[in-house]
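Everything below concerns the one structure shown next.
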Amino acid sequence: AFLRSWKIDAETVARWELEGTRSSNNHLQHLPIPHIYGLTYHDARKGLIEGGWQPLATWWPHQLPELNIHVGNGQEFWQRGYHEIESTCPTGFAFCRFEFRDAYGNKLAVITAGEEWSERQYHAGVVSWFLEPDDTRPKA
């Protein structure tokens, strides 16, 4: 299930980049997104929260087979209290997906890559982000 979500994420980002809508999304009213690309997830998260973006808490995944954070950096982030983690990938890139919501109801997906290992001072960094369309909101 998480591989399918990564595929959908990649296709969505590619489509938005080809259309030139990734960073503007003029059809959506949303809070400003601070510069987070290249930052450690810790610094990016702090900036997003200060900017009004709220982490979307997920449930502990032991009972949810579609939420798999037992691989890669999942448990490290979960233990830090970053319960907005939505999925992790056990590849060498160690991708993770985190989700936030703003006051307008928009969902922001933040993608990180890299090892997260506090004891060795390794920190995953933000490699992508995008606003995800919300099919539950009325169309304009």
Side-chain angles (χ1 to χ4, degrees):
F2 68 92
L3 288 178
R4 180 187 274 288
S5 72
W6 285 107
K7 179 180 184 270
I8 291 168
D9 291 350
E11 289 170 348
T12 301
V13 169
R15 185 179 69 250
W16 286 350
E17 288 177 346
L18 288 171
E19 295 170 353
T21 58
R22 177 176 180 229
S23 60
S24 63
N25 289 304
N26 294 329
H27 61 287
L28 294 176
Q29 184 177 12
H30 60 83
L31 289 177
I33 301 168
H35 174 75
I36 58 174
Y37 181 81
L39 297 179
T40 68
Y41 181 70
H42 312 288
D43 292 339
R45 182 180 195 269
K46 181 179 177 186
L48 287 166
I49 292 171
E50 287 173 355
W53 290 91
Q54 296 299 309
L56 280 175
T58 58
W59 296 98
W60 180 245
H62 289 294
Q63 292 81 24
L64 299 175
E66 69 275 4
L67 182 63
N68 186 356
I69 65 167
H70 297 292
V71 296
N73 296 323
Q75 292 198 8
E76 174 86 19
F77 282 122
W78 190 269
Q79 290 171 356
R80 286 181 168 255
Y82 295 174
H83 298 168
E84 66 273 16
I85 191 167
E86 197 273 331
S87 62
T88 62
C89 189
T91 67
F93 293 108
F95 291 116
C96 291
R97 175 187 167 124
F98 301 86
E99 294 181 339
F100 294 80
R101 189 162 310 272
D102 71 0
Y104 300 103
N106 298 298
K107 185 188 291 185
L108 176 68
V110 177
I111 310 300
T112 64
E115 191 68 35
E116 183 66 29
W117 193 356
S118 301
E119 296 164 359
R120 296 223 174 160
Q121 300 298 311
Y122 298 152
H123 298 291
V126 175
V127 295
S128 185
W129 60 264
F130 55 91
L131 287 169
E132 195 166 73
D134 185 353
D135 296 333
T136 63
R137 289 190 300 174
K139 307 286 186 238

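Note that the numbering runs from 1 along the sequence shown for the chain.
Looking at every heavy atom in both residues, Gly47 comes nearest to Pro34 through O-CG, 3.8 Å. Residues Gly114 and Ala124 share a closest heavy-atom pair of O-CB, 3.4 Å. Shown here for His30 and Asn106, the closest heavy-atom pair between the two residues is CB-ND2, 3.2 Å. Taking all atoms of both residues into account, the shortest heavy-atom contact from Gly81 to Arg45 is O-NH2, 3.9 Å.
Between Phe98 and Tyr41, the ring planes lie parallel to each other; the angle is under 30°, not in the 30° to 60° tilted range.
Atoms CD and CZ, on Glu84 and Phe77 in that order, are 9.0 Å from each other to the nearest 0.5 Å. The structure places CG of Leu39 at 13.0 Å from NE2 of His123, a figure rounded to the nearest 0.5 Å. Taken from OG in Ser128 to CZ in Phe95, the straight-line distance is 9.5 Å, to the nearest 0.5 Å.
For Glu115, the side-chain contact (heavy atoms from CB on, under 4.5 Å) test picks out Asn73, Trp117, Tyr122, with sequence neighbours left out. The side-chain contact (heavy atoms from CB on, under 4.5 Å) check on Leu31 picks up Trp53, Asp102, Tyr104, with sequence neighbours excluded. In terms of the side chain to side chain donor-acceptor pair (under 3.5 Å) criterion, residue partners of Glu99 (sequence neighbours excluded) are, by chain and number, Arg97. Residues satisfying the side-chain contact (heavy atoms from CB on, under 4.5 Å) criterion with Glu76, sequence neighbours excluded, are Arg80, Glu116, Ser118.
The backbone N or O of Tyr37 lies less than 3.5 Å from a partner atom in the side chain of His35, making a donor-acceptor pair.
At least one side-chain heavy atom of Lys107 sits less than 4.5 Å from a side-chain heavy atom of Leu56. Within the 4.5 Å cutoff, the side chain of Ile111 has no heavy atoms near those of the Val126 side chain. At a threshold of 4.5 Å between non-hydrogen side-chain atoms, the residues Val127 and Thr112 do not count as touching.
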**OP:** Evaluate the side chain to side chain contact (heavy atoms under 4.5 Å, CB included) criterion for residues Phe100 and Gln54: first the C-alpha distance (whole Å), next the side-chain angles of each, then the deciding distance (0.1 Å), finally the verdict.
**Re:** CA-CA 5 Å; Phe100 294 80; Gln54 296 299 309; 5.9 Å; no
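Ring-centre distance between Tyr82 and His42: below the 6.0 Å cut-off.
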